[in-house]
Amino acid sequence: MTIRVIIVDDQSMVRAGFAALLNAQSDIDVVGEAPDGREGVQVSRSTHPDVVLMDVRMPEMDGLAAAQELLTPPPGVVHRPKVLMLTTFDVDDYVYAALRAGASGFLLKDAPPADLIAAVRVIASGEALLAPTVTKRLIEDFVKTRPAHRKSHSPLLKSLTPREVEVLELIARGLSNQEIAKKLVLAEQTVKTHIGRVLAKLDLRDRAQAVIFAYESGLVAPGGQ
């Protein structure tokens with residue numbers, strides 16, 4: 001299956017370079033591009049891409065606002081693409097807010113070409129781009145410096161079984177599916193099933209949002225063991 005992609009960035013050279021790189025892949029097709037977030041939303045609504053590469057800082061409408069429009073569409077709009085944020089900083093408030101809004105991860109704009117190609121494939125497959133340990137560092141850095149954003153023990157945790165709570169906590173602590181399976185003495189497929197149920201019950205899109213929820217709900221404390 002071909003992965004349909006659009007590129008939203010205010011630098012034409014960046015768009016052209018990314019498009020040439022991705023179109024050279026047999027399983028990726030760049031179906032549109034836009035110079036700002038507002039036009040990016042329009043292009044996405046007309047082309048229905050699987051993945052949107054979204055620059056964080058742009059004129060007219062920045063990437064965060066555009067991502068929010070795509071990921072929480074108005075009534076009548078069914079299509080919701082995966083969104084990969086492009087940034088020049090590995091940790092910043094815009095990236096955190098985009099993950100909370102439902103973006104599937106972020107990628108540094110100066111990352112090697114192979115990383116961009118891999119990122120598109122990972123996002124399209126339904127996984128969060130960030131490795132669990134990177135996600136953990138991002139959220140811990142944010143929560144440590146902005147404790148007011150944390151909530152105390154969300155009632156939504158009560159919807160999870162004890163095993164699902166265990167799995168969620170281990171995700172937030174940076175463990176991979178394989179590591180969770182080993183720690184809980186479960187089959188890796190069983191862990192994937194638990195993660196799927198956690199995401200469904202908490203109405204979360206992916207692993208990145210699960211980590212954020214674990215910290216903001218008070219289940220996991222920054223720096224905790």
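Both backbone and side-chain heavy atoms feed into the values below; hydrogens, waters and symmetry mates do not.
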Test item: Val8 and Asp55 side chains (from C-beta on) under 4.5 Å apart, heavy atoms:
no

Would you call Leu168 and Leu157 a side-chain contact if the rule is heavy atoms closer than 4.5 Å?
yes

As an exercise, state the distance from CD of Glu169 to CG of Leu219, rounded to the nearest 0.5 Å.
5.0 Å

Nearest heavy-atom neighbours spanning Leu175 and Arg207
O-NH2, 2.8 Å

Nearest 0.5 Å please: distance from the CD1 atom of Ile180 over to the CZ atom of Arg173.
12.0 Å

Carefully, step by step, assess Lys109 and Gln11 under the rule side-chain contact (heavy atoms from CB on, under 4.5 Å).
CA-CA 12 Å; Lys109 294 179 76 171; Gln11 298 180 49; 3.7 Å; yes

Stepwise side-chain contact (heavy atoms from CB on, under 4.5 Å) check, Phe106 with Leu86
CA-CA 6 Å; Phe106 75 97; Leu86 302 171; over 6 Å; no

Say whether, by atom type as modelled, one donor and one acceptor occur between the side chain of Ser44 and the main chain of Gly40 under 3.5 angstrom.
no

Is there a side-chain contact (heavy atoms from CB on, under 4.5 Å) between Arg4 and Val31 once you walk through the steps?
CA-CA 6 Å; Arg4 296 166 56 82; Val31 296; 3.6 Å; yes

Is there a side-chain contact (heavy atoms from CB on, under 4.5 Å) between Val30 and Ile6? Walk through the geometry before answering.
CA-CA 6 Å; Val30 176; Ile6 68 169; 6.0 Å; no

Backbone of Glu39 reached by a side-chain donor or acceptor of Gln42 within 3.5 Å
no

Measure the CD-CG distance between Gln25 and Asn23 for me, rounded to the nearest 0.5 Å.
9.0 Å

Is there a side-chain contact between Leu156 and Ser217 in this structure, where contact means two heavy atoms from C-beta onward sitting under 4.5 Å apart?
no

Could you go through residues 65-85 and list every donor-acceptor pair under 3.5 Å that involves a side-chain atom there, pairing it with any protein atom two or more places apart or in another chain?
from: Thr72; atom 1: OG1; to: Gln68; atom 2: O; distance (Å): 2.5
from: His79; atom 1: NE2; to: Pro49; atom 2: O; distance (Å): 2.8
from: Arg80; atom 1: NH1; to: Leu71; atom 2: O; distance (Å): 2.8

Euclidean distance, Phe213 CZ relative to Asp203 CG, rounded to 0.5 Å:
11.0 Å

Min side-chain heavy-atom separation Thr87-Leu108 under 4.5 Å
yes

Check whether any side-chain heavy atom of His194 lies under 4.5 Å from a side-chain heavy atom of Leu186, and answer yes or no.
yes

If I take atom NZ from residue Lys192 and atom CZ from residue Arg197, how far apart are they, to the nearest 0.5 angstrom?
15.0 Å

Apply salt bridge (Lys or Arg N to Asp or Glu O under 4.0 Å) to residues Glu179 and Lys182 and explain how you reach the verdict.
CA-CA 5 Å; Glu179 290 168 335; Lys182 183 176 180 180; over 6 Å; no

Please examine the side chains of Leu53 and Asp9, heavy atoms only from C-beta on, and report whether any two atoms are closer than 4.5 Å.
no

Find out whether Leu64 and Val56 are in side-chain contact, i.e. whether some heavy atom of one side chain is under 4.5 Å from a heavy atom of the other.
no

So which atom in Leu204 and which in Ala210 form the shortest heavy-atom distance, rounded to 0.1 Å?
CD1-CA, 3.6 Å

Show the nearest heavy-atom pair for residues Met58 and Asp36, with the distance to one decimal.
SD-CA, 3.8 Å

Hey, does Val14 have a side-chain heavy atom less than 4.5 Å from the side chain of Ile7?
no

Of all heavy-atom pairs linking Val120 and Val51, the shortest is O-CG2, 4.0 Å

